[in-house]
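Below: one structure, written as structure tokens.
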Amino acid sequence: MANRITINADRAKGTINRNIYGHFSEHLGRCIYEGLWVGEDSEIPNTNGIRNDVAAALKQMKIPVLRWPGGCFADEYHWKDGIGPKENRKRMINTHWGGVVENNHFGTHEFMMLCEMLECEPYINGNVGSGTVQEMSEWVEYLTFEGVSPMAEMRAANGHTEPWKVKYFGVGNENWGCGGNMRPEYYADLYRQFQTYVRNYGSNRIHKVACGPNSDDYHWMETLMKQAHRYMDSITLHYYTVPGESWQEKGAATGFPEEMWRVTLKKALFMEELIRKHSAIMDQYDPEKRIGLLVDEWGTWHDVEPGTNPGFLYQQNTIRDALVAGISLHIFNAHCDRVQMANIAQLVNVLQAVILTEGEKMVLTPTYHVFDMYKVHQDAELLDIHESIAELGEGQQAIPQISVSASKDDKGRIHISLCNLDHQASAKVEVELRGLVGSPVSIKGTTLSSDTIDGHNTFEEANKVAPTEFTAFSMDGQLLHAELPPMSVTVLEVVAE
Ligand code: AHR
């Protein structure tokens, strides 16, 4: 069966918040240290300690927002340990992640500098699990207070007289687990208390983020919405695609058996059900959809690469991960009325990273290329789509052959992203473009594919899986015919006159 897609170019369904293409960086393994921060004295080319190659790649990808310092680390982090002269900063053991020494050389000033360099929005996650109301309140004061105050003076003494602008502030992370093992009723009360002291100073307006559920914990969502919806601007959702049977046997990132291809994509597609069901609960308390759902941790979680520290969560990244990224981003786009942000875990060298580094070497992963190709959807209008798509497999295990999303940008250009989930065969697709003003005058395409189900880039072969020009399409009136390569992610740009 030919796959048939109708795109109504004159029917916009909402704006795709650019922050759906957001990222997450934790003090975990080699994400911050080595991945982003090498220090001013490093031989690796850097600007004030931030590696130049990584910063340039992230700017190219148009990173819109970056979450920090965790993750589980956030509820162990005491921000005052990470300010002032570096030689005086407290050293501690990162008990969560590998038991290594954390020297606190990357702290508030360094993070805010990084965001300025990348021109992205900071999203700071405060400590509820082992912190105090005062500590959280003073962090916000330190960051944003303009005028005379103890924290503003401390900030000035540390070299930053002007306050920063900080919008997104998370009140705890995974407080149902590593953030304190709390029950939802208890956390809801703590959330109400802590957020009271997360103040707006001057013209700065904080968007308060409550810790939401793990995966399909609908009771957590129900309780938080019932007890605290008035006090939050957003609530989070965490869901990881773990291909294997259990957290003990997650499966390898490369060299995995063929049957794991579909199993992985099926698990990634579960995100759709999660967002739909959590949104339905949110709708009961917030029918106006004022409160955002922030999927601020998502992505694949495989076994670590052999020989690496199990606490560092370092994994390779293949075309399979690229497909997981492509279909997940489509799901977030489709729910842009509720999903205001999503942050793939994590930025560099950890889990489904967009960048891997080794000493002075850097490689862009297939997932990076998806984010780079999809940046055209950022802040664009989501277009209405109707689809009739073939299925791969049967019954409960079936997955669609194709996943699609389309948007119109502020210049009227239409971008259609298409994933072919079939690892064995190319996929024929007919796209009817309705409601175009004028007829298409130019169409161009880019595609990312691979010859093998675990195709990936290495430091030796950095461009094995890289985007190439896509030309396997033709236009017949309003009908676009395309043949998508097996296991591929393709973006088409249509300009009409
Ligand atoms: O991203 C790795 C970890 O996964 C985070 O620290 C935690 O929030 C989640 O369990």
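In what follows, residues are counted from 1 in the order of the sequence shown. When reading the values below, keep in mind they use all heavy atoms of this one structure, side chains included, and skip hydrogens, waters and symmetry mates. For ligands, and for the atoms within them, numbers begin at 1 and follow the listed sequence.
Within ligand 1, the atoms closer than 4.0 Å to a non-hydrogen atom of Q346 are 1 (O), 2 (C), numbered from 1 in the order shown. Counting atoms of ligand 1 from 1 in the listed order, those under 4.0 Å from a heavy atom of W97 are 3 (C), 6 (O). Applying the 4.0 Å criterion to heavy atoms of E174 picks out, from ligand 1, the atoms 7 (C), 8 (O), 9 (C), 10 (O). Distances below 4.0 Å separate heavy atoms of F24 from the following atoms of ligand 1: 1 (O). Near N173, with a cut-off below 4.0 Å to any heavy atom, the atoms of ligand 1 are 8 (O). Set against the non-hydrogen atoms of C72, the atoms of ligand 1 under 4.0 Å away are 5 (C), 6 (O), 7 (C), 8 (O). Near G71, meaning under 4.0 Å from any of its heavy atoms, are these atoms of ligand 1: 5 (C), 6 (O), 8 (O). Near L351, with a cut-off below 4.0 Å to any heavy atom, the atoms of ligand 1 are 1 (O), 2 (C).
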Working for side-chain hydrogen bond (donor to acceptor under 3.5 Å, both in side chains), residues H377 and S417: CA-CA 9 Å; H377 287 314; S417 44; 2.8 Å; yes

Residue pair N175, Y191: steps toward the side-chain hydrogen bond (donor to acceptor under 3.5 Å, both in side chains) verdict: CA-CA 10 Å; N175 302 94; Y191 173 78; over 6 Å; no

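Ring geometry for F145 against Y201 counts as perpendicular: the plane angle is over 60°, on a 0 to 90° scale with 30° as the lower cut. Ring orientation note: the planes of H160 and H109 are nearly perpendicular, at an angle over 60° on the 30°/60° scale. Relative ring orientation between H278 and Y218 is described as tilted, the plane-to-plane angle lying within the 30° to 60° band. Classification of the W68-Y77 ring pair by plane angle, with boundaries at 30° and 60°, yields perpendicular.
Counting heavy atoms under 4.0 Å from ligand 1, residue F73 does not touch it at all. With a 4.0 Å heavy-atom cut-off, ligand 1 is reached by no atom of H96. Heavy atoms of V350 found under 4.0 angstrom from ligand 1: none, in either backbone or side chain. Using a 4.0 Å cut-off between heavy atoms, W298 makes no contact with ligand 1 at all.
C178 pairs with C72 as a disulfide, the SG atoms being under 2.5 Å apart.
If you check which protein heavy atom lies closest to atom 8 (O) of ligand 1, you get E297 OE2, 2.7 Å. Scanning the protein heavy atoms around atom 1 (O) of ligand 1, the nearest turns out to be Y240 OH, 2.8 Å.
A salt bridge does not link R199 to E141: none of the charged side-chain nitrogens sits closer than 4.0 Å to a carboxylate oxygen. Salt-bridge annotation for K277 and E273: present, with a side-chain N of the basic residue lying under 4.0 Å from a carboxylate O of the acidic one.
Remark: ligand 1 and H238 share no N or O pair separated by less than 3.5 Å (distance only, no angle test). For ligand 1, the polar-atom distance check finds no N/O of W301 at less than 3.5 Å from any of the ligand's N/O atoms.
For R67 and Y168, the positive end is not near the middle of the six-membered ring at less than 6.0 Å and at most 45° from its axis.
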